[in-house]
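Here is the structure we will look at.
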Amino acid sequence: MAQTGGRKRIWGWYFFDWASQPYNTLLLTFIFGPYFAQTATNALVDGGMELSAAKAQAQAYWGYGLALAGIAIAILAPILGAVADSSGRRMPWIWLFSAMYVIGAAALWWTAPANFSLLWALFFFGIGLVGMEFATIFTNAYLPELHPDADERGRISGDGWAFGYAGGVLALIAMIALFQSGANGRTMAGLSPLFGLDTATKADTRIVGPLTAIWYAVFMIPFFLYVRDTPKPDAQRYRVGAGLSDLARTLRDLPKHPSLLAYLGSSMFYRDALNGMYTFGGVYALGVLDWSIQEIGIFGILAAISGAVFCVLGGRIDRRIGPMPVIVACCIILVATACLIISLGPNSVMGVSLPEGSALPDILFYVAGASIGAAGGALQASSRNMLTRQGNPERMTEAFGLYALSGKATSFLAPALIALTSDLTGSQRLGITPVVGLFIVGLILLAWVKPKGDFAT
């Protein structure tokens, strides 16, 4: 294994996080997700459904769509990871999934309210989401090659995630400052939407899809320039059969590596819970607190800035004491944050009624957003570094494929549980409750994880 490719290679690797983050920030969480919920709600109300039921149903549709994408990723991730490790080539796969990212994101332009199709909106969003997730699997697998020191990889992972958050912040600021209009028809910068985008057709919001696609295409250039596959002397041609055989052997051997098995199980639950908070945060604010998409964008900027700062801090702590304490602390913070969010209503906090028009629920939701950004970013950065300690160094793409499988095998669980709970209770607020249980299960399973893994020498 090549141990390092120099600073250019590390910076090229950082740029994947910078380029890809807007899919999470702009599309999944803060702009398109709430837009989908708002547009779907209006369509359901026009069809005769009562408003509160329509809001819960729109949240459910979003959850079911994400669950289907998660199932597809769970099935294919470890297979493709095994095939890539057998061949020693990851880059062609990154090109393929980058194309899916760009096509899926750009196609969201065609989601105008007048001709809105739930099916096509979710289909194209899913294409881009699958592309983003698979590209992430293959780029994460380069992490062990960036530095020979396992402790330094914690810093590199944290800095990369922070750099990605910075890209997400800049893209989000550009979106709400130049394109997304508020109630007065002006952007956050006081301008008319750039290019004369028509607010009546929500073009000022739908532009988020093409903007995300262009952002990715431009900022992936450093990655493709400076990151190269490490030559593998015994490399094979792409053979699905060989990849499946290697994967089957790895799965059979998992019980021989209890720390890796426990970590895959633990991360499966806590990452699913975190994704549920990311995915439904903006939808929740729009439906429960009646925020505008522009307000949700400002909330997203706060969360992303907080995430960037604490990713750097978490990376330094990771380098000093290892990823395990960072993971545990972040999960505990996120449990408390989820409970706070569930307690918030337009006129109440933790069951205590507030005067009409009180700003306290909004203020506390901003606090919750900063907490999610800080703890969620540090958690993800340390989690991928933890996998480099748990996985087989010779089969790292496969290990990240299994990591994706563990994250996606139940990635439908949080959206599906939120969707089901929203359906059953008719309440968006109560619909978020399953994430608390998922975090707790993840914390319990960490008790069986060795900080340095089964493969430590």
Side-chain angles (χ1 to χ4, degrees), residues 16-43 58 61-62 65-66 68-69 72-73 96-136 164 167-182 187-188 193-220 278-283 286 292-294 296-297 300-301 304:
F16 173 79
D17 283 335
W18 175 284
S20 63
Q21 181 62 30
Y23 209 99
N24 291 304
T25 306
L26 296 184
L27 300 186
L28 184 61
T29 307
F30 297 117
I31 303 294
F32 186 77
Y35 170 74
F36 174 91
Q38 185 180 63
T39 308
T41 296
N42 292 340
Y61 282 138
W62 185 239
L66 293 173
L68 288 174
I73 295 165
L96 170 64
F97 295 122
S98 293
M100 290 177 61
Y101 179 117
V102 171
I103 291 168
L108 298 179
W109 171 254
W110 290 281
T111 55
N115 301 300
F116 187 74
S117 167
L118 286 166
L119 177 63
W120 284 107
L122 289 173
F123 174 77
F124 283 116
F125 181 85
I127 290 291
L129 181 63
V130 168
M132 185 269 292
E133 291 282 3
F134 276 124
T136 300
V169 168
L170 189 59
L172 188 54
I173 289 173
M175 178 64 197
I176 64 176
L178 302 177
F179 300 103
Q180 177 68 55
S181 65
T187 69
M188 189 179 70
L194 211 61
F195 308 130
L197 294 171
D198 186 2
T199 59
T201 64
K202 300 298 182 181
D204 59 323
T205 302
R206 293 183 288 118
I207 193 65
V208 72
L211 175 64
T212 300
I214 293 168
W215 181 280
Y216 183 86
V218 170
F219 289 113
M220 276 297 283
Y278 282 150
T279 303
F280 290 92
V283 174
L286 185 144
S292 68
I293 291 178
Q294 191 176 73
I296 294 170
I301 291 172

(request) Would you indicate whether the side-chain heavy atoms of Pro113 and Tyr35 approach each other to under 4.5 Å? (result) yes
(message) Using 0.5 Å steps for rounding, measure from the CG atom of Leu172 to the CD atom of Gln21.
(response) 10.5 Å
(request) Working to the nearest 0.5 Å, report the span between CZ of Phe97 and OG of Ser20. (result) 14.5 Å
(message) Can you tell me how far apart CZ (Phe124) and CH2 (Trp110) are? Round to the nearest 0.5 Å.
(response) 8.5 Å
(message) Minimum heavy-atom separation for Ala37 and Ala58, please, with both atom names.
(response) O-CB, 3.7 Å
(message) Can you confirm whether Leu122 sits close enough to Phe36 that some side-chain heavy atom of one is under 4.5 Å from a side-chain heavy atom of the other?
(response) yes
(message) Determine whether Trp18 and Leu170 satisfy the following criterion, side-chain contact (heavy atoms from CB on, under 4.5 Å), listing intermediate values before the conclusion.
(response) CA-CA 10 Å; Trp18 175 284; Leu170 189 59; 3.9 Å; yes
(request) Please tell me if the side chains of Thr41 and Gln38 come closer than 4.5 Å, counting only heavy atoms from C-beta onward. (result) no
(message) Looking at every heavy atom in both Leu129 and Ala69, which two are closest together, and how far apart are they?
(response) CD2-CB, 4.1 Å
(message) Does any part of the side chain of Val208, heavy atoms only, come nearer than 4.5 Å to the side chain of Phe179, both counted from C-beta?
(response) no
(message) Can you tell me which residue among Tyr216, Phe219, Trp215, Phe125 is in a ring pair (Phe, Tyr, Trp, His ring centres under 6.0 Å) with Tyr101?
(response) Tyr216
(message) Checking side-chain contact (heavy atoms from CB on, under 4.5 Å) between Phe32 and each of Thr39, Thr111, Leu26, which is the one that passes?
(response) Thr111
(message) Any heavy-atom pair between the side chains of Ile31 and Ile176 that's under 4.5 Å?
(response) yes
(request) Find out whether Phe16 and Thr136 are in side-chain contact, i.e. whether some heavy atom of one side chain is under 4.5 Å from a heavy atom of the other. (result) yes
(request) Compare every heavy atom of Leu197 with every heavy atom of Ala203, then report the nearest pair and how far apart it is. (result) O-CD1, 3.8 Å
(request) Would you name the heavy atoms of Val169 and Ala304 that are closest together and state the gap between them? (result) CG2-CB, 3.0 Å
(message) Could you check whether any side-chain heavy atom of Leu66 comes within less than 4.5 Å of a side-chain heavy atom of Leu28, counting everything from C-beta outward?
(response) yes
(message) So, taking the atom named CZ in Phe123 and the one named CG in Leu68, what distance separates them when rounded to the nearest 0.5 Å?
(response) 12.0 Å
(request) Please report the shortest heavy-atom distance between Ala200 and Asp198, naming the atom on each side. (result) N-OD1, 2.9 Å
(message) To check you understand the geometry: which heavy-atom pair defines the closest contact between Ala105 and Leu27, and what is its length?
(response) CB-CD1, 4.0 Å
(request) Could you note down all residue pairs passing side chain to side chain donor-acceptor pair (under 3.5 Å) where residues 203-212 supplies at least one of them, sequence neighbours left out? (result) Gln180-Thr205, Ser181-Asp204, Thr201-Arg206
